[in-house]
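Each chain gets a letter, A, B and so on, in the order the sequences are listed, and its residues count up from 1.
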Amino acid sequence: MRLLATLVHCPNLVIKQANATTRSSLSDTLGQQIFPDCSTPMQRMSRLFVRTLRDNPSEATLVSHRLLLRGGYIRPLGAGIYSMLPLAWRVQRRIEQIIREEMSQIDCQELQMPFVHPSDLWEHTGRFESVGPEMVRFQDRWDRDMVLAMTHEEIATDLGKWFASSYRQLPVSFYQFQSKFRDEPRPRGGLLRVREFTMKDAYSFHPDFESLDDTYNQFVEAYVRAFRRCGIEPAVVESDALAMSGSMAHEFHCLTPAGEDTIVVSPTGTYAANMEVATARKPVFDHGAPAPLTKVATPGKTTIEEVAAFLDLELHQTLKAVFYWTGDALAFVAIRGDLAVNEAKLRHLLGVPEIRLAADQELEAAGIVAGYASPIGLDNVTIVVDDSVESSTNLVAGANTPNFHLTNVNYPRDFQGTLVGDVSQVRPGDLHVESGEPLELQAGIEIGNTFKLGTFYSEKLDATFLAADGSQHPIVMGSYGIGIGRLAASVVERYHDDDGIIWPSSIAPYDVHVVQLGDSAVATGADVLAGELEASGLSVLLDDRSESAGVKFNDADLIGIPLRLTVSKRTLAAEAVEFKARTDENAENIPRDQVVATIKKAHADGIAALTPDAPIPMPSLG
RNA sequence: CGGGGCGUGGCGCAGCCUGGUAGCGCACCUGACUGGGGGUCAGGAGGUCGCCGGUUCGAAUCCGGCCGCCCCGACCA
């Protein structure tokens with residue numbers, strides 16, 4: 001009774017003291033940080049820095065974008081630039097905490113590298129030149145070239161070089177949570193594709209590739225565990241290793257229709273790859289024995305579809321010409337008409353970092369007739385031949401003369417390719433190269449990636465170590481990234497309903513949402529309850545506003561804290577508290593003296609439902 | 001980069017075509033009532049109509065330029 005009287009006068013003070021004591025003892029007992037540093041004393045909603053919106057913001061089409069805006073989680077400042085408001089920040093910090101725990105499990109240490117870099121390291125690796133306008137460059141007051149960090153390989157390598165002079169100091173790895181700025185041509189979808197974002201990025205350093213392989217696998221497992229603890233079962237897929245000048249790379253995807261990446265998977269899970277690198281058996285068609293080259297009139301027919309229809313042929317009986325500009329030259333891609341060019345594969349085959357479709361003027365300058373382009377008789381143009389053309393006979397191609405095409409074009413009889421290889425996109429239903437399974441396409445959000453960098457950066461930056469035999473070698477490296485905000489947005493895409501977000505217990509901004517409906521007696525009861533919950537180790541958001549029940553319940557659903565308790569005259573009279581999980585349809589009354597234990601259990605069950613230790617399906621991890 | 005759409009109070013929008021005191025709903029403030037799913041009534045506060053220039057007696061509205069935001073697309077040869 002005396003406690004109650006004290007609470008009425010100064011509830012916060014008492015609760016804070018109770019918390020401080022409980023915290024240290026719990027931490028000691030369990031030997032770990034139960035309260036991450038994002039934990040604060042019970043948050044009163046009347047004081048929370050948040051505004052929920054009743055109407056949907058018109059700019060948001062994706063679910064996560066819409067709900068994060070409506071719930072008062074984020075606020076846009078410019079295209080792809082967001083403030084993380086307290087609710088979102090707490091989610092971010094909880095995600096970070098999970099990652100910290102997983103990183104410490106594999107002996108990876110946290111540090112922080114700068115966000116603004118002098119350009120010289122980037123010039124040494126060549127990326128100051130090779131990276132496009134997505135890297136922001138500027139001059140400081142002394143006209144020195146500077147860049148905003150879009151990634152940290154150069155800086156990390158520099159640190160590794162400074163640290164590791166001997167094999168005895170290897171392997172070693174470190175990570176950071178740090179802002180990145182990438183001037184994306186098209187930011188979109190709220191937090192899904194932004195320009196400024198927080199990335200967790202890690203870098204590992206090794207004496208040899210075997211050591212890199214070991215650590216790489218450890219990172220992949222740690223990442224899968226971290227994603228699962230956040231509620232996402234990631235698809236681990238092969239990806240474009242050359243993007244970071246590496247030898248092997250994987251991406252971690254949250255499979256959802258909202259994703260903007262396309263993942264190629266086999267139904268049994270033996271194959272999963274990003275569209276950029278995916279391969280498949282190409283359907284082969286029998287077009288008969290090579291026949292004599294013939295010129296035919298095709299007046300006004302400039303597209304493959306028109307030509308095929310005009311000559312009454314299937315698309316696969318045509319040769320499509322697609323032109324790319326490689327920065328200083330034209331590349332003519334000859335591909336079977338039913339296939340599409342995969343630009344990432346083409347980039348690799350050409351060995352250039354950036355390509356784009358060629359402009360009409362560039363075609364004219366090379367003497368190519370748009371609409372009737374032909375690889376036959378072309379000089380001074382790089383001709384890339386997709387292997388689909390190599391394996392076909394009697395194709396129809398342009399004649400490089402207006403209104404004429406050539407039939408019975410055969411490779412290599414009629415023209416020579418500068419490069420021959422696979423530059424086509426996999427299509428749904430294409431067969432897996434080895435197993436012959438039909439492949440499926442799925443949309444995914446890339447929430448993480450891992451790269452075996454090898455010695456690309458260490459060689460460029462002269463980061464070497466001394467081996468046991470006294471010889472000097474470049475350090476072998478790996479890098480590993482997770483987009484924190486994108487991960488949070490992916491979780492919202494995955495966990496929501498019509499009313500709002502439904503956070504997994506592990507990363508919700510608060511563990512419990514206590515809704516107080518009523519006068520001062522109810523307020524006191526809610527305060528005491530919230531204090532008890534906090535003392536038990538749970539974080540609490542207490543809705544103490546003088547709003548109607550409907551407003552409070554709707555806000556609670558929108559914000560999406562997984563467990564909700566309601567205190568009202570009604571529940572006080574019943575010596576109970578109403579409990580409703582966000583995922584449940586109906587609420588139930590819990591006897592007052594069992595509330596804390598019940599909620600603790602519900603929270604623990606919510607965490608336990610996530611299964612970080614389940615087997616990890618990883619296609620071809622080398 | 002290409003195409004489309006949109007900039008009017010914190011959010012959602014009308015007004016623009018046909019120039020003449022800047023409006024509505026929600027949110028916000030005050031008071032009363034109400035009190036378990038965005039409640040009712042009364043009274044309020046809040047806007048350089050994205051920016052610059054032009055036309056006009058007069059511009060949110062018409063004209064020109066610029067900026068910003070959203071969405072879609074980026075294999076036509």
Side-chain angles (χ1 to χ4, degrees), chain A residues 50-62 65-66 69-72 75-81 132-133 184-190 193 260 298 300-307 315 318-325 330-343 345-346 354-360 362-364 366 368-375 378 384 386 396-400 402 405 423-425 427 499-500 515-519 522 543 545-558 564 566-572 578 580 586-587 589:
Chain A
V50 73
R51 276 185 88 113
T52 56
L53 304 177
R54 186 173 296 202
D55 300 313
N56 279 321
S58 59
E59 69 203 54
T61 49
L62 280 186
H65 190 192
R66 181 166 59 81
L69 282 172
R70 269 194 65 196
R75 164 114 179 133
L77 181 63
I81 304 177
E184 297 281 347
R186 189 183 157 202
R188 72 188 99 177
R193 179 164 291 274
E260 54 181 358
T298 51
K301 311 300 180 190
T302 61
T303 69
I304 284 295
E305 287 74 19
E306 288 168 356
V307 171
L315 286 179
T318 66
L319 182 153
K320 179 159 64 176
V322 187
F323 297 93
Y324 286 89
W325 185 251
L330 204 58
F332 182 129
V333 180
I335 188 169
R336 211 173 62 199
D338 59 320
L339 299 171
V341 174
N342 180 320
E343 294 189 3
K345 290 183 185 175
L346 178 59
E354 288 284 333
I355 56 172
R356 61 167 171 79
L357 285 172
D360 287 345
E362 289 156 357
L363 296 185
E364 285 171 27
I368 291 164
V369 182
Y372 300 92
S374 173
L378 267 193
V384 177
D386 184 67
V396 174
N400 215 27
H405 277 75
V423 293
S424 74
Q425 277 185 23
R427 299 166 302 176
D499 298 319
V515 177
Q516 154 205 322
L517 298 178
D519 57 17
V522 172
D543 194 345
R545 299 172 302 168
S546 54
E547 291 286 350
S548 72
V551 170
K552 291 184 170 191
F553 288 144
N554 279 303
D555 275 346
D557 288 344
L558 179 58
R564 189 187 83 190
T566 305
V567 181
S568 67
K569 266 186 209 163
R570 200 187 286 176
T571 66
L572 284 184
E578 182 192 277
K580 179 179 169 301
N586 299 309
N589 273 356

Side-chain heavy atoms of V341(A) within contact of Y324(A), under 4.5 Å = yes
ask   = Under a 3.5 Å cut-off for both distances, is rG37(B) Watson-Crick or wobble paired, and to whom?
value = none
inquiry  = Is it the case that rG38(B) (base atoms only) and R545(A) (side chain only) share a donor and an acceptor within less than 3.5 Å, ignoring hydrogens and angles?
reply    = no
ask   = Distance between the P atoms of rG54(B) and rU21(B), in whole angstroms?
value = 23 Å
request  = Enter the distance from I355(A):CD1 to L346(A):CG here, rounded to the nearest 0.5 Å.
outcome  = 4.0 Å
inquiry  = So, does S548(A) get its side chain near the phosphate of rG37(B), meaning an N or O under 4.0 Å from OP1 or OP2?
reply    = no
key: Sugar-phosphate, base or nothing in reach of I304(A), heavy atoms under 4.0 Å   = sugar-phosphate
message = Just so I know, are the side chains of T298(A) and V396(A) near enough to count as touching, which here means a heavy-atom distance under 4.5 Å?
response = no
ask   = Is there side-chain contact between D499(A) and F553(A), with at least one heavy-atom pair below 4.5 Å?
value = no
message = Once rounded to the nearest 0.5 Å, what's the spacing between atom CZ of R427(A) and atom CG of L339(A)?
response = 5.0 Å
query = What's the CZ-P distance between R75(A) and rC69(B), to the nearest Å?
reply = 14 Å
Anything under 3.5 Å between a protein N or O and an N or O of nucleotides 72-75 of chain B, put it in a table, one pair a line.
unit_1	atom_1	unit_2	atom_2	d
rC72(B)	OP2	R186(A)	NH2	2.3
rG73(B)	N7	R186(A)	NH1	3.4
rC75(B)	OP2	E343(A)	OE2	2.6
rC75(B)	O2	K320(A)	NZ	2.4
rC75(B)	N4	Q425(A)	OE1	3.3

H405(A) and T318(A): CA distance, side-chain angles, deciding distance, side-chain contact (heavy atoms from CB on, under 4.5 Å) verdict = CA-CA 10 Å; H405(A) 277 75; T318(A) 66; over 6 Å; no
ask   = Which pair of heavy atoms, one from S424(A) and one from K345(A), lies closest together, and at what distance?
value = O-NZ, 2.8 Å
request  = Report the distance from atom CZ of R51(A) to atom C1' of rA27(B), rounded to the nearest whole Å.
outcome  = 6 Å
key: Interatomic distance at C1', rG23(B) relative to rG47(B), whole Å   = 11 Å
inquiry  = I need the CD-P distance between E305(A) and rC76(B), as an integer number of Å.
reply    = 8 Å
message = Applying a 4.0 Å non-hydrogen cut-off, can you work out what G189(A) is touching in the nucleic acid: base, sugar-phosphate, or nothing?
response = sugar-phosphate
task = Report the residue (N56(A) or E59(A)) whose heavy-atom-nearest nucleotide on RNA chain B is the more 5′ of the two.
result = N56(A)
request  = For residues T566(A) and K580(A), determine if any side-chain heavy atom of one lies less than 4.5 Å from a side-chain heavy atom of the other.
outcome  = no
message = Can you tell me the base-pairing partner of rC16(B)? Count Watson-Crick or G-U wobble geometry only, both distances below 3.5 Å, and say none if there is no partner.
response = none
query = Is any side-chain nitrogen or oxygen of R54(A) closer than 4.0 Å to OP1 or OP2 of rA27(B)?
reply = yes
query = Considering only the P atoms, how many Å lie between rC52(B) and rU8(B), rounded to the nearest integer?
reply = 16 Å
remark   = Picking from rC76(B), rG37(B), rG38(B), the nucleotide nearest the side-chain atoms of T303(A) would be rC76(B)
task = Please examine the side chains of P187(A) and I81(A), heavy atoms only from C-beta on, and report whether any two atoms are closer than 4.5 Å.
result = no
task = Could you work out the separation of rU61(B) and rC17(B) based on their P atoms and round it to a whole Å?
result = 9 Å
ask   = What integer number of Å spans the C1' atoms of rC62(B) and rG68(B)?
value = 23 Å
query = Mind checking who rC1(B) pairs with, Watson-Crick or G-U wobble, both distances under 3.5 Å?
reply = rG73(B)
query = Can you find a donor-acceptor pair, distance only, under 3.5 Å between D519(A) side chain and rG35(B) base?
reply = no
inquiry  = Among rC11(B), rG37(B), rA77(B), which nucleotide has an atom closest to any side-chain atom of A373(A)?
reply    = rA77(B)
note = By the Watson-Crick or G-U definition, both distances under 3.5 Å, rU21(B) is matched with none
task = Could you tell me whether G371(A) contacts a base, only the sugar-phosphate backbone, or nothing, with contacts defined as non-hydrogen atoms closer than 4.0 Å?
result = sugar-phosphate
Please list, for nucleotides 44-50 of chain B, all pairs of protein and nucleotide N/O atoms separated by less than 3.5 Å.
none

query = Under a 3.5 Å cut-off for both distances, is rG10(B) Watson-Crick or wobble paired, and to whom?
reply = rC26(B)
key: Pairwise P distance for rG19(B) and rA60(B), with rounding to whole Å   = 13 Å
request  = Look at S58(A) and rG12(B) and indicate whether a side-chain polar atom (N or O) is within less than 4.0 Å of OP1 or OP2.
outcome  = yes
key: Under 3.5 Å donor-acceptor, R193(A) side chain and E184(A) backbone   = no
note = Of rG38(B), rG37(B), rC11(B), the nucleotide closest to the side chain of D557(A) is rG37(B)
inquiry  = Considering every strand and a 4.0 Å limit on heavy-atom distances, what is the contact class for T571(A): base, sugar-phosphate, or nothing?
reply    = base
ask   = Roughly, in whole Å, what's the span from CG in L53(A) to P in rG12(B)?
value = 8 Å
key: Between rC11(B) (C1') and L558(A) (CG): distance, integer Å   = 13 Å
ask   = Once you round it to whole Å, what is the distance between P of rC70(B) and CD of E184(A)?
value = 13 Å
ask   = Roughly, in whole Å, what's the span from CG in L77(A) to P in rC69(B)?
value = 10 Å
message = I want to confirm an ordering. Mapping A79(A) and A321(A) to their closest nucleotides on RNA chain B, which one lands closer to the 5' end?
response = A79(A)
request  = Could you check which nucleotide pairs with rG64(B) in any of the strands shown, counting Watson-Crick or G-U wobble with both distances under 3.5 Å?
outcome  = rC52(B)
inquiry  = Taking the P atom in each of rG9(B) and rC67(B), what is the distance between them to the nearest angstrom?
reply    = 22 Å
ask   = Can you find a donor-acceptor pair, distance only, under 3.5 Å between R70(A) side chain and rG10(B) base?
value = no
query = With side chains defined as the heavy atoms from C-beta onward, is the minimum distance between Y372(A) and N400(A) less than 4.5 Å?
reply = no
Spacing between K552(A) atom NZ and rU34(B) atom C1', to the nearest angstrom = 14 Å
query = In Å, rounded to the nearest 0.5 Å, how long is the span from CZ of R336(A) to CG of L319(A)?
reply = 10.5 Å
task = May I ask you to say what R66(A) touches in the nucleic acid, namely base, sugar-phosphate or nothing, with a heavy-atom cut-off under 4.0 Å?
result = nothing
query = Quick one: which of rC70(B), rG25(B), rG37(B) gets closest to the side chain of D55(A)?
reply = rG25(B)
request  = Can you sort out the partners of K301(A) under salt bridge (charged side-chain N to carboxylate O under 4.0 Å, His left out), two or more places apart, ordered by chain and number?
outcome  = none
query = Using atom P of each nucleotide, how far apart are rU18(B) and rG2(B) to the nearest Å?
reply = 31 Å
